[in-house]
Amino acid sequence: MSEALRLEFNVAGNNFISAGSASDEVKKTLKMLGIGAQFIRKVAIAMYEGEINMVIHAGGGRAIVDIFPEKIKIVLQDEGPGIPDIELAMKEGYSTATDNIRDLGFGAGMGLPNMKKYTDEFLIESEVGVGTTVTMVVNFI
Amino acid sequence: MKINELVKNLNASVVYCEDAEREVIGGYCGDFLSVVMGKAPADSGWFTIMNNQNVAAVASLTDVAVIILCEGVKPDDLLRSKAESVGLNLITTDLSVFDAVLKSGL
């Protein structure tokens with residue numbers, strides 16, 4: 001495997017104005033690299049959902065993105081409350097978002113399912129009281 | 001259909017239009033952002049009543065052709081400025097979502 005281009009971002013918690021800026025930056029970079037639009041869309045959606053999750057639920061976090069010629073690997077790490085029941089959290093429509101988050105248009109319970117849907121590899125590791133790490137891979141072929 | 005034709009069909013006001021000639025293919029209605037992200041096709045018209053800045057992020061990331069704010073809803077200042085800075089097409093109509101879809105001709 002050839003050397004990766006690495007991008008790193010700090011995602012601010014509870015800030016819905018800056019939310020999405022990391023995804024936007026990754027999208028721009030992939031566009032510049034000439035990656036196909038259908039792959040960019042998958043990456044952008046999956047990463048935005050992950051970013052929003054960190055903003056809403058975890059008080060922010062960190063995104064580490066490695067871009068290879070044939071794929072992209074996105075690791076989202078937070079030190080939030082953790083997810084007690086990952087299987088339940090993965091269910092379409094299940095959400096723990098509050099009413100004010102729903103007023104913003106979030107909290108449909110589709111974030112994690114979308115991340116899984118739009119990626120080729122998807123892994124959540126979470127420990128209650130410690131944090132959550134999500135690893136996603138999208139292949140460009 | 002091009003965006004300028006859609007504007008005419010909906011008697012819509014243009015908030016910001018980067019490319020009035022852009023082709024709109026089909027549409028999607030929804031206000032829950034994750035549902036829209038999961039289901040709205042690229043290059044479609046997105047009919048919604050949600051008017052905050054996250055709408056711009058979702059529209060940009062999913063690459064919808066145009067956002068149609070229905071029911072007379074106006075974009076808040078952040079959505080308006082983000083639409084301009086990201087280069088999105090954003091229009092508003094007094095029609096309900098249902099009527100807007102019917103009259104759109106999409």
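Because the structure is a prediction, the values reported are computed rather than measured. Chain letters run A, B, ... following the sequence lines, proteins first, then strands; residues in each count from 1.
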Does atom [atom1] ([X]) have a neighbourhood of more than 12 heavy atoms from anything else shown, all under 6.0 Å?
X: B/K74; atom1: NZ; answer: yes
X: B/E5; atom1: CD; answer: yes
X: A/E87; atom1: CD; answer: no
X: A/K117; atom1: NZ; answer: yes
X: B/E71; atom1: CD; answer: yes

Distance (rounded to the nearest 0.5 Å) between [X] [atom1] and [Y] [atom2]:
X: A/N53; Y: B/S34; atom1: CG; atom2: OG; answer: 7.5 Å
X: B/T62; Y: A/K42; atom1: OG1; atom2: NZ; answer: 15.5 Å
X: B/L61; Y: A/Y48; atom1: CG; atom2: OH; answer: 7.0 Å

For the hydrophobic clusters of this structure (ILVMFWY residues joined by side-chain heavy atoms under 4.5 Å, transitively), does one cluster hold both A/I64 and A/V55?
no
Using the rule that two of Ile, Leu, Val, Met, Phe, Trp, Tyr join whenever any of their side-chain heavy atoms come within less than 4.5 Å, decide whether A/I74 and A/I86 are in one cluster.
yes
Measure B/M50 against the heavy atoms of chain A and call it side chain, backbone, both or neither at under 4.5 Å.
side chain
If I measure from the heavy atoms of chain A, does B/N54 come under 4.5 Å with its side chain, its backbone, both, or neither?
both
State, to 0.1 Å, how close B/F32 and A/A108 come at their nearest heavy-atom pair, and which atoms those are.
CG-CB, 3.5 Å
Max heavy-atom pairs within cutoff under 4.5 Å with chain B, candidates A/M110, A/R102, A/R41, goes to A/R41
Please determine, among A/D103, A/L104, A/D24, the option with the most heavy-atom pairs under 4.5 Å with chain B.
A/L104
Side-chain heavy-atom pair A/Y118, B/M37 within 4.5 angstrom cut-off
no
Check each atom of A/I40 against the heavy atoms of chain B and say whether the ones under 4.5 Å are side chain, backbone, both or neither.
neither
